[in-house]
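Notes to accompany the following structure.
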Amino acid sequence: MSDSIILGIESSCDDTSAAIIKGNSILSNIAANQAIHKEYGGVVPELASRAHQQNIIPVVEKSFTKANIQQNAIAAIGFTRGPGLLGSLLVGTSFAKSLAMSLNVPLIEVNHLQAHILAHFIEDANPVPPTFPFLCLTVSGGHTMIVLVKDYFDMEIIGKTIDDAAGEAFDKIGKIFDLDYPAGPIIDRLAKEGNPDAFSFNKPRLEQYDYSFSGIKTSVLYFIQKEVRKNPDFIKENLNDLCASVQKSIIEILMNKLEKAARELHVKDVAIAGGVSANSALRKAMEDNKEKLGWNIFIPKFEYTTDNAAMIAMVAKLKFDRGEFTDMRTSATAKYDL
């Protein structure tokens, strides 16, 4: 493996991020968050792309400064081509192409979902990286899937959500509870003070390894409507227990399918990735299965869970070593299969 220095750029949703990698070691990983979306209870695509335009130059500059690297030292530029919000992706793609042309370095397109999974191969992500084949539960605001990872770029989605993603379920249920956006971290925090067995909610019964989260959202909604008719202060008086019970239900849905897949496919190396992999209950469930089922578990560092350019740089590094470069005629794409 080479020690070439590569710039990674991530702009798939509402975080603008840039990172510098040398070998498998991250020298800088800078991100600018967009707080404005909290006012609207979700990401507004037009506002997101506008903020990316404002943030991308200072973020990239700061990544070079933090890494103590000059621009002419980089060997290639990796960027998120998709999937994601098209307007946001266009900003990152256009900037990456322009900078690559000005520096006369090759361009490397990166699949955002692959990057979440391959973040486990960053030098400081794990004491030892996963061994192929391994399973990765990739779970974020927009995606929930179980991926059988046979090699760096040989991945098979064996299960996915047929409706809402787990992160969307957290956010939509949080809206029912009148919580701020994004609701997932708030529910996680409040759940620590609640009783996870206080309330029970419906769980889907799907074949194989697919997920569904629209049912639990509806179950919570109808339950809350019924209870609030009897007691208008029901949510306020039971918020911690509600959050703990909802979180327990969602994590059980996620883990039941993951356990089934690991058992039936005889895989012991099991990883999680994506924004929801920061959830404390999911992390504890993975730790429990390490003891109970003998799994070798791989849990990302918090800075590699959310949308970040370190994971983009990691994939770009792997592609650079293979000589897999992107034509300058490439364009952003909202949908991009593994």
Set of residues satisfying side-chain hydrogen bond (donor to acceptor under 3.5 Å, both in side chains) with respect to [X], sequence neighbours excluded:
X    : answer
E168 : none
K203 : E252
Y304 : D124
D327 : R329

Discussion item. Test of understanding: with ring-ring contact (aromatic ring centres under 6.0 Å, His included), list the residues that count as partners of F132, not counting sequence neighbours.
Written reply: F121, F134, Y152

Pairs meeting criterion ring pair (Phe, Tyr, Trp, His ring centres under 6.0 Å) with involvement of [range], two or more places apart:
range            : result
residues 63-112  : H112-H116
residues 319-338 : F320-F325
residues 201-220 : F201-F223, Y211-F213
residues 238-284 : none

Under the salt bridge (Lys or Arg N to Asp or Glu O under 4.0 Å) rule, what pairs show up with a residue in [range], not counting sequence neighbours?
range            : answer
residues 150-167 : K150-E156, D164-K172, D164-K217
residues 268-278 : none
residues 285-300 : K284-D288

